[in-house]
Structure formats: C-alpha cells, structure tokens
Amino acid sequence: MAARKKSTGKAGGGKRSGKSAVPPVPTDATLKQAVEGQVDDIAPAAALRALVGRGAAPPALLGRIAKEPEQQTSLRTTAAVALGRTSTAGARRALLALLEADDPQVVRRAAEGLGRIGGEEAFQKLKALRPRDPVVKDALETAKTVLAYRLDAKAGRLSPPDPSARVPLVATMRAQPLEVRALGPEAVEEMGPRLAQEVPALPVARTGALELDCGRHRYRVVFHRDLAKRGGLSRLGEANAVMGALLEHDRIDDQWFLAAYLLTHPGPGRTVRLFVMKGSGVVTYAGELTLESDGEARFTVEALKTRYSLPIELHGRIESDSLEVRVDEARVATQPARSQPPAKRPRQIKARR
C-alpha cells in the first residue's frame, strides 16, 4: 500500500511571517490519491466531488469506484450520482452495471442516474429488477416513470388523480400572488452548465423559460426544445413527453437544482394530462392543457394532497412557436390546507456507543 501523504505544505523556506499560510489548492493528482485514501487531510468523497467539479473524473474512474465493495458507501454513492449527471455512453454502461451492486444505496443512485440519462436498455433492465429494499423500489419506480415518458412507453403512464385528491385554492385560505416573469434566452444560456448536470437528457428551449417567486422559494421552469418547433405543442396530444423541468434555487449554494419533471400524455379529445413529479417520484401538482385550433394551449394546474404542495391557482395560455406563457391567474396559499398531511419530523439519529 502506498504511503499516506499530506496535501498541504509550506510554499517556501525562511522565517515565518506570523500570518497563517494558505494551503495550496490540491492538484488533480493529489485529489486522485485522496480518493484512494492516500492523503491524510482530504476525505475521499470530498476529493471525488472536487474532481467531478473540475471535470477530471471520467466515467471509467467513477464506475470503478462505485463498483468496489471495499470502498465506503459515501464514496461509492458520490461516484454513482456523478455518473448520472454525465450523459455519455460510458456513464450509461457503468450505471447499468451498478444495478447489480451489493449495496442498496449504490443501486438506488444508479437507478436515479438512469432515470436522468438512460434509454431503452435501461428501461427494460429496470423493469426486470425485483428489489426488496423499499428505498430502492421507490427509486426504480421513479426512474421507470421518467423513462416511460421520454420513450413514449404507454405502460408507464401515470394515472389521472382522483378529484378527491385535488386541493383547490379556496377563498377561506390565506393566499398571496405567485410572481411569474419570463426569462430571456441569455438567462437560459447562463444556466446551461447547471442544466447539463441536473437534466442532462432534456434538450432545453432557449425561449419560454419562466421564473416563479413565492416568497421563500424561487423556481425556474424550462421547456423541451421540440416545443418551440412549429406544431410542437400540438404534438403533446400524440405521445408521452417530458415537457420540461422545474428547478429550485438554493440560496446557500446559489445554484439551481432539479425539483420536478413536467410530464404529459394525451388525454381525451383535445386535452393533455400534465403531472409535476418530484425527483422522489411524488406527484405534487396535476393539471390539463387544452389544445386550441391555432396551436396554442390553455392550461390549469392544481395541488394534490401531499405534504409538499401548497394549494395554488394557476391558469393561463401558452403560445405556439414562441412558447410565450401568458398567466391569467397565479396565486399560492401561505400554508397547506388542513386536509393535507403534515410534514414528517425527522427522526433523531442516535450515536452508536
């Protein structure tokens, strides 16, 4: 085994200046040694995240790390998550191999990654799995649902919610305006690197993007590039589709993260079913798009009885070609309805003695 190394050191000799020396930025080579456990003061998982951020962790390296049973679970799952944010053939092959891993958490992350970047082969392999772990089951179901909509597999469609599952925004609820503003192509281009990680298999349209602000939370909606083509909205009435994605802003990291997929499939007549599904697989909002003869679409969205969805009133119109969204009404409740289940309190983790 190679000797463990220190990643920091003095920049030069001579007398101390009295000021704390700034540790040098670790090189890629040092980070790779840290991943192998050969550096004392850099955690392997942190080193791997740094390599991924620099684009210096190829799928072959990530796949090898995630597959090795002797590695810590945190390191293996970090590698599996990174593979799911890399839309390459090598990453897909590595994730498919990880579905047979010994650690349920690695299998879970592999399934989530295949939901982001997988294709027909991944869809068939996910359908064949019969995991016992409930967390892995949920991840598989979510991945299969996303892939079913991307691949237009009718068997994977979501069921329209029962009317009793809807939570309308009524006059007795305290509500505030949901601020909606259009984003220009420049804002979408600026998000490009982040979108490539969060929704790598979704080609994003430069037009039609929105920002939603409801006080404590900010969201951005981006649409599939094909919707901006002539007749793009009308084609939603012909096949399943991942219409777009909802991203949430993290104020601490100042980054945008995938919050939900916008999934659609044809409904009766000239209608299209719309589902807002979180990355966990929970459908929080549902609605309909009504396709007009001129190619435009009217939409309505309502909250469902989950602890994640504040009641809203959201309806308007999407113009064809330009994807311009015109909102007629946009309000959101300040708190959940009484009929919605309360948020679960996190269980206390007891330290082992």
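Since this is a predicted model, take the numbers as computed values, not measurements.
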Q. Which value, rounded to the nearest 0.5 Å, describes the distance between R317 atom CZ and R298 atom CZ?
A. 6.0 Å
Q. Mind checking whether V170 and I312 sit in one hydrophobic cluster, side chains of I, L, V, M, F, W, Y counted as touching below 4.5 Å?
A. no
Q: Rounded to the nearest 0.5 Å, what's the gap from OH on Y285 to CG on L274? Could you check?
A: 12.5 Å
(Q) Check D226 with R235, please: is the shortest side-chain N to carboxylate O separation under 4.0 Å? (A) no
Q.
How about CD on Q124, more than 12 heavy atoms from neighbouring residues, nucleotides or ligands closer than 6.0 Å, or not?
A. yes
Q) Looking only at heavy atoms, what is the nearest atom pair of F299 and L289, with distance? A) CB-CG, 4.1 Å
Q: Considering only NZ, NE, NH1 and NH2 on the basic side and carboxylate oxygens on the acidic side, decide whether E68 and R76 come within less than 4.0 Å.
A: no
Q. Does E329 come within less than 4.0 Å of R331, counting only side-chain N to carboxylate O?
A. yes
Q.
If hydrophobic clusters are built by linking Ile, Leu, Val, Met, Phe, Trp and Tyr wherever their side-chain heavy atoms come under 4.5 Å apart, do V188 and L246 end up in the same one?
A. no
Q | Contact summary for L233 and L291, nearest pair of heavy atoms | A | O-CD2, 3.6 Å
Q.
Could you measure the distance from the CG atom of D213 to the CD atom of Q176? Nearest 0.5 Å is fine.
A. 8.5 Å
(Q) A side-chain contact here means heavy atoms from C-beta on lying under 4.5 Å apart; do M173 and V167 qualify? (A) yes
**Q.** Non-hydrogen atoms of P341 and R307 that approach each other most closely
**A.** O-CB, 3.0 Å
Q | F275: partners by ring pair (Phe, Tyr, Trp, His ring centres under 6.0 Å), with sequence neighbours left out | A | H265
Q: For the residue pair N240 and T264, establish whether any side-chain heavy-atom pair is separated by less than 4.5 Å.
A: no
Q | Any residue meeting side-chain contact (heavy atoms from CB on, under 4.5 Å) with P58, in chain and number order, not counting sequence neighbours | A | L61
Q) Taking only residues two or more places apart in sequence or in another chain, which ones pass side-chain contact (heavy atoms from CB on, under 4.5 Å) with L210? A) V180, L212, V221, V325
Q: Could you go through the side chain to side chain contact (heavy atoms under 4.5 Å, CB included) check for R49 and T78 one step at a time?
A: CA-CA 7 Å; R49 286 192 293 270; T78 296; 3.6 Å; yes
**Q.** same_hphob_cluster(Y219, L258) at 4.5 Å side-chain heavy-atom cutoff
**A.** no
**Q.** Working for side chain to side chain contact (heavy atoms under 4.5 Å, CB included), residues M243 and Y261
**A.** CA-CA 8 Å; M243 181 184 180; Y261 292 99; over 6 Å; no
Q: Report the distance from atom CZ of R92 to atom CG of L83, rounding to the nearest 0.5 Å.
A: 11.5 Å
**Q.** Close side-chain approach of L195 to L247, heavy-atom, < 4.5 Å
**A.** yes
Q) Under 6.0 Å from the six-membered ring centre of F257 and within 45° of its axis: does the NZ or CZ of R194 meet both? A) yes
Q: Could you list the residues that satisfy salt bridge (Lys or Arg N to Asp or Glu O under 4.0 Å) with R206, not counting sequence neighbours?
A: E189
Q | Nearest heavy atoms of P266 and L236, plus distance in Å | A | CG-O, 3.9 Å
**Q.** Partners meeting side-chain contact (heavy atoms from CB on, under 4.5 Å) with P177 (sequence neighbours left out)
**A.** none
Q. Between V204 and H224, is any pair of side-chain heavy atoms under 4.5 Å apart?
A. no
(Q) Assigning hydrophobic clusters by single linkage (Ile, Leu, Val, Met, Phe, Trp, Tyr; side-chain heavy-atom cutoff under 4.5 Å), is F223 placed with V146? (A) no
Q | Sidechain N-carboxylate O distance under 4.0 Å for R93, E121 | A | no
Q) Is D328 salt-bridged to R326, cutoff N-O under 4.0 Å? A) no
Q: Of all the heavy-atom pairs spanning P59 and A91, show the shortest one and how long it is.
A: CB-N, 3.8 Å
(Q) Closer than 3.5 angstrom, by distance alone: can the side chain of R270 be matched with the main-chain N or O of G267 as a donor-acceptor pair? (A) no
Q. With no hydrogens and no angle check, is any side-chain donor or acceptor of T142 less than 3.5 Å from a backbone partner on S280?
A. yes
Q | Q340 vs P311 side-chain heavy atoms within contact, under 4.5 Å | A | yes
Q. Is the count of non-hydrogen atoms from other residues, nucleotides or ligands lying under 6.0 Å from K67 atom NZ greater than 12?
A. no
Q. Quick one: does S87's side chain have a donor or acceptor within less than 3.5 Å of a partner on I117's backbone?
A. no
**Q.** Shortest non-hydrogen contact from A101 toward V107
**A.** O-CG2, 3.6 Å
Q. Would you call E120 and L151 a side-chain contact if the rule is heavy atoms closer than 4.5 Å?
A. yes
**Q.** Distance in Å, R108 CZ paired with D103 CG, rounded so as to fall on 0.5 Å steps
**A.** 11.0 Å
Q.
Contact between R181 and L183 at the side-chain level, heavy atoms closer than 4.5 Å - yes or no?
A. yes
Q: Please examine the side chains of T145 and M277, heavy atoms only from C-beta on, and report whether any two atoms are closer than 4.5 Å.
A: yes
Q) How far apart are the C-alpha atoms of T27 and T30, what are their side-chain angles, what is the distance that settles it, and do they pass the side-chain hydrogen bond (donor to acceptor under 3.5 Å, both in side chains) test? A) CA-CA 5 Å; T27 64; T30 298; 3.1 Å; yes
Q) Using 4.0 Å as the upper bound for N to carboxylate O, is an ion pair formed by E198 and R85? A) yes
Q: Start with the C-alpha gap between T300 and L314, add the side-chain angles, then the distance that decides, and say whether side chain to side chain contact (heavy atoms under 4.5 Å, CB included) holds.
A: CA-CA 6 Å; T300 60; L314 183 61; over 6 Å; no
Q: With sequence neighbours left out, write down each residue that passes salt bridge (Lys or Arg N to Asp or Glu O under 4.0 Å) with E288, or none if nothing qualifies.
A: R273
Q. Just how far is it from atom CD of Q255 to atom CD1 of I252, taken to the nearest 0.5 Å?
A. 12.5 Å
Q.
Quick one, Q33 with E36, criterion side-chain hydrogen bond (donor to acceptor under 3.5 Å, both in side chains). Give me CA distance, side-chain angles, the key distance, then yes/no.
A. CA-CA 5 Å; Q33 290 175 334; E36 301 295 340; over 6 Å; no
Q.
Looking at K305, is its backbone amide N or carbonyl O close enough to the side chain of S309 to form a donor-acceptor pair, meaning the two atoms are under 3.5 Å apart?
A. no
(Q) Do V283 and Y308 land in one hydrophobic cluster if side-chain heavy atoms of ILVMFWY residues count as linked below 4.5 Å? (A) no
**Q.** Step-by-step side chain to side chain contact (heavy atoms under 4.5 Å, CB included) determination, L147 to R150
**A.** CA-CA 5 Å; L147 288 173; R150 193 188 309 148; 3.5 Å; yes
Q.
Both conditions, 6.0 Å and 45 degrees, for the charged tip of K144 above the ring of F123: are they met here?
A. no
Q) Within a radius of less than 6.0 Å around CZ of R54, do more than 12 heavy atoms belonging to other residues, nucleotides or ligands occur? A) yes
